[in-house]
> 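Dropping a structure here in structure tokens format, bear with me for questions.
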Amino acid sequence: MKNFYNMATRNNNLGTETAFTVLAKANKLASEGKNIINLGIGQPDFQTPEHIVEAGIKALKDGHHGYTQSIGMPILREAVSDDINRRHNVKISPDNIIIVPGGKVIIFFSAMLMGEKNKEILYPNPGFPIYESAINYSGAKAIPYELSENKGFSFSADDILKKITQNTTLIIINSPANPTGGVVPKFELEKLAKGLEKFPNIVLMSDEIYDQFCFGDNKFTSMLEFSEIRDRLIILNGWSKTYAMTGWRLGYGIFPKKLYEVAEKLAVNIHSCVNACAQYAAIEALNGPQDCVEEMNQTFKKRAILMFSKLNEVKGFNCQKPNGAFYCFPNIRGTNKSSIEIQNLLLDKIGVATVAGTSFGKFGEGFIRLSCANSDDAIEEAISRIKSIF
Ligand code: PLP
């Protein structure tokens with residue numbers, strides 16, 4: 001990156017989310033009249049359910065136009081606390097919950113809280129690219145742990161624990177995972193929580209944004225279930241994926257008491273609060289009917305199975321069955337092309353937008369990510385186009 005003016009050099013450490021770059025390119029090609037199938041971006045292709053939209057509109061009409069508490073409205077934090085209790089049978093005080101403009105904010109908060117020069121932060125690779133970017137920006141050293149295909153894109157607690165040094169301050173985990181669709185079994189999570197008992201100053205950040213999209217043999221387990229780690233556990237979650245609300249910019253974090261005050265200060269300094277009407281919509285999402293979530297879960301499951309089996313018909317591709325989230329992450333080494341070559345070839349030659357595995361870290365080489373957030377017809381058409389060139 002060029003250093004214009006005397007811009008602070010830490011900005012050179014910022015990474016990005018290539019899915020947005022692919023989206024911009026795919027939209028440009030579509031606006032030029034090309035027939036593009038977008039399997040690049042990770043957002044549900046559903047509309048936000050009507051009753052949630054209505055709650056947002058009502059809030060605007062009722063005059064909720066001002067600032068709210070920067071940690072989020074008390075009734076919304078209570079709704080989050082009730083939702084956690086309902087789903088995980090765990091009591092979390094609303095005073096540990098902070099509402100933020102998108103789950104992503106919690107990644108940045110965690111990196112800012114725990115990262116600086118001479119500290120180390122462990123993160124999954126391939127993984128959501130903002131982990132590595134935020135760690136690097138904080139000045140800490142980003143230490144990847146590999147999610148490998150031969151372990152079903154899960155991790156082993158021992159592999160993570162082995163990477164801990166006296167400089168480790170934070171460990172990031174994500175299950176169900178982007179981009180791999182991997183889901184970590186409960187016994188590994190339990191082993192990690194137990195193993196961390198020996199390291200009382202290490203904080204764990206569990207990104208559980210895909211918690212409701214879990215359809216394989218391994219059921220979803222929240223790290224909230226392990227009380228031994230609760231006093232230094234940060235949870236990232238939100239409404240973007242569960243309720244198809246990516247554009248509303250809504251998420252939440254659960255922070256242990258000792259970190260909460262600083263997280264609140266970060267919120268005050270950065271965004272003041274989440275817009276009020278979105279918070280009212282969020283209350284309706286949690287307290288209203290939940291069939292929309294189950295319907296989406298079933299649809300993504302069906303599409304993931306369709307997509308992974310069709311991908312295995314492509315010469316040079318080898319795809320594992322995803323267990324959650326809404327992505328397939330096929331191994332494309334049999335094509336003798338790199339991930340980025342495949343990403344460009346598919347978009348430029350046959351109009352299929354995907355994301356190179358290397359966008360999710362160095363261990364993503366040899367893979368591409370395809371999102372199931374498109375119709376069955378679009379998925380079938382995209383894969384038959386891919387088949388036609390290999
Ligand atoms: N965490 C993971 C693993 C994600 O895939 C995403 C979005 O794609 C986020 C966090 C951020 O979600 P939000 O849109 O709520 O900021």
Side-chain angles (χ1 to χ4, degrees), residues 8-15 70-71 92 95-125 127-145 147 155 157 159-175 177 184 189 192-209 222-224 226-238 251-271 361:
T9 47
R10 72 169 163 272
N11 294 296
N12 296 336
N13 297 334
L14 272 178
S70 55
I71 48 177
I92 297 294
D95 295 338
N96 289 93
I97 295 164
I98 184 161
I99 309 298
V100 286
K104 202 180 231 179
V105 171
I106 299 301
I107 301 171
F108 210 75
F109 277 21
S110 305
M112 290 298 119
L113 282 165
M114 304 309 299
E116 64 185 346
K117 198 162 179 259
N118 299 327
K119 305 249 161 95
E120 294 176 2
I121 300 181
L122 305 181
Y123 72 103
N125 187 322
F128 189 48
I130 302 307
Y131 304 142
E132 189 176 341
S133 170
I135 297 167
N136 286 335
Y137 195 69
S138 79
K141 195 163 174 202
I143 311 283
Y145 61 87
L147 298 179
F155 60 69
D159 286 350
I160 295 185
L161 293 166
K162 263 192 258 159
K163 288 191 180 287
I164 291 176
T165 71
Q166 58 188 15
N167 299 324
T168 308
T169 55
L170 174 70
I171 298 173
I172 298 176
I173 60 172
N174 170 223
S175 171
V184 183
L189 297 173
L192 181 64
K194 289 242 172 314
L196 285 175
E197 283 184 71
K198 275 198 261 150
F199 305 98
N201 286 320
I202 295 183
V203 170
L204 181 72
M205 196 280 269
S206 179
D207 180 343
E208 303 186 352
I209 196 113
S222 171
M223 285 313 286
L224 287 168
F226 307 110
S227 54
E228 57 269 50
I229 189 92
R230 190 97 47 81
D231 63 341
R232 51 211 165 87
L233 173 67
I234 300 174
I235 295 282
L236 178 163
N237 211 327
Y252 67 82
I254 302 175
F255 286 87
K257 219 175 176 48
K258 289 178 185 150
L259 296 177
Y260 192 87
E261 212 177 295
V262 187
E264 178 178 357
K265 274 194 196 153
L266 283 170
V268 174
N269 275 273
I270 297 171
H271 59 263

> Who are the side chain to side chain contact (heavy atoms under 4.5 Å, CB included) partners of T165, not counting sequence neighbours?
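Side chain to side chain contact (heavy atoms under 4.5 Å, CB included) check on T165 returns E120, N167, T168.
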> How long is the straight-line distance from CD1 of I143 back to CD1 of I160, given to the nearest 0.5 Å?
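Those atoms lie 13.0 Å apart.
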> Closest heavy-atom contact between Y131 and P124?
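Scanning both residues, the minimum pair turns out to be CE1-CG, 3.8 Å.
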> For residues 98-111, which residue pairs qualify under salt bridge (charged side-chain N to carboxylate O under 4.0 Å, His left out), counting only residues two or more places apart or in two chains?
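Sorted result for residues 98-111: E17-K104.
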> So, does N174 use its side chain to make a donor-acceptor pair with the main chain of D207 at under 3.5 Å?
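It does hold such a pair.
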> Return the CG to CD1 distance between L196 and I171, rounded to the nearest 0.5 Å.
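One gets 4.5 Å once the value is rounded to the nearest 0.5 Å.
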> Run V105 and I270 through side-chain contact (heavy atoms from CB on, under 4.5 Å) and show every step you take.
CA-CA 10 Å; V105 171; I270 297 171; over 6 Å; no
> Look only at the side chain of S175 and the backbone of V184, and say whether a donor-acceptor pair between them is shorter than 3.5 Å.
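Checking the backbone N and O of V184 against the side chain of S175, a donor-acceptor pair under 3.5 Å is found.
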> Is it true that a side-chain atom of R230 and a backbone atom of L224 form a donor plus acceptor pair closer than 3.5 Å?
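A pair under 3.5 Å: yes.
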> Report the distance from atom CG of L233 to atom CD1 of I92, rounding to the nearest 0.5 Å.
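Spacing of CG (L233) from CD1 (I92) equals 8.0 Å.
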> side-chain contact (heavy atoms from CB on, under 4.5 Å) between I97 and I71: does it pass, once the steps are laid out?
CA-CA 7 Å; I97 295 164; I71 48 177; over 6 Å; no
> Using 30° and 60° as the class boundaries, would you call the ring planes of Y260 and F255 parallel, tilted or perpendicular?
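It falls in the perpendicular class, over 60°.
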> Identify every side-chain donor-acceptor pair in residues 133-141 under 3.5 Å, counting partners at least two apart or on other chains, and give the distances.
from: S133; atom 1: OG; to: G15; atom 2: N; distance (Å): 2.8
from: N136; atom 1: ND2; to: E132; atom 2: O; distance (Å): 3.3
from: Y137; atom 1: OH; to: R10; atom 2: NE; distance (Å): 3.3
from: Y137; atom 1: OH; to: N11; atom 2: OD1; distance (Å): 3.2
from: S138; atom 1: OG; to: I135; atom 2: O; distance (Å): 2.6
from: S138; atom 1: OG; to: A140; atom 2: N; distance (Å): 3.2

> Any salt bridge (charged side-chain N to carboxylate O under 4.0 Å, His left out) pairs touching residues 251-262, not counting sequence neighbours?
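Those involving residues 251-262 do not exist here.
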> At what distance, to the nearest 0.5 angstrom, does NE2 of H271 lie from CD1 of I99?
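With rounding to 0.5 Å, NE2 (H271) is 9.5 Å from CD1 (I99).
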> Can you give me the closest heavy-atom contact between I235 and E208, atom names plus distance?
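I235 and E208 have their closest heavy atoms at CD1-OE2, 3.5 Å.
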> Start with the C-alpha distance between N125 and Y123, add both sets of side-chain angles, then the distance that settles side-chain contact (heavy atoms from CB on, under 4.5 Å), and finish with yes or no.
CA-CA 7 Å; N125 187 322; Y123 72 103; 3.4 Å; yes
> Calculate, to the nearest 0.5 Å, the distance between atoms CD1 and CD1 belonging to I106 and I209 respectively.
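Rounded to the nearest 0.5 Å, the CD1-CD1 separation comes to 9.5 Å.
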> Going by the rule side chain to side chain contact (heavy atoms under 4.5 Å, CB included), which residues pair with E228 if we only count those two or more places apart in sequence or in a different chain?
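Partners of E228 under the side chain to side chain contact (heavy atoms under 4.5 Å, CB included) test: A193, K194, E197, F226.
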> Just verifying a value: how many Å separate N118 CG and Q166 CD, rounded to the nearest 0.5 Å?
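Spacing of CG (N118) from CD (Q166) equals 10.5 Å.
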> How close do M112 and L266 get, heavy atom to heavy atom, and via which atoms?
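Smallest heavy-atom distance, with atoms named: CB-CD1, 4.2 Å.
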> Show the nearest heavy-atom pair for residues A267 and S70, with the distance to one decimal.
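Looking at all heavy atoms of both residues, the closest pair is CB-O, 4.1 Å.
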> With side-chain contact (heavy atoms from CB on, under 4.5 Å) as the test, would you mind laying out the steps for F199 and L204 before giving the verdict?
CA-CA 11 Å; F199 305 98; L204 181 72; over 6 Å; no
> Just jot down the side chain to side chain contact (heavy atoms under 4.5 Å, CB included) partners of L170, sequence neighbours excluded, or say none.
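Checked L170 against side chain to side chain contact (heavy atoms under 4.5 Å, CB included); matches are S110, M114, I121, I172, V203, M205.
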> Measure across A263 and F109 and return the closest heavy-atom pair with its distance rounded to 0.1 Å.
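Residues A263 and F109, closest heavy atoms: O-CE2, 3.4 Å.
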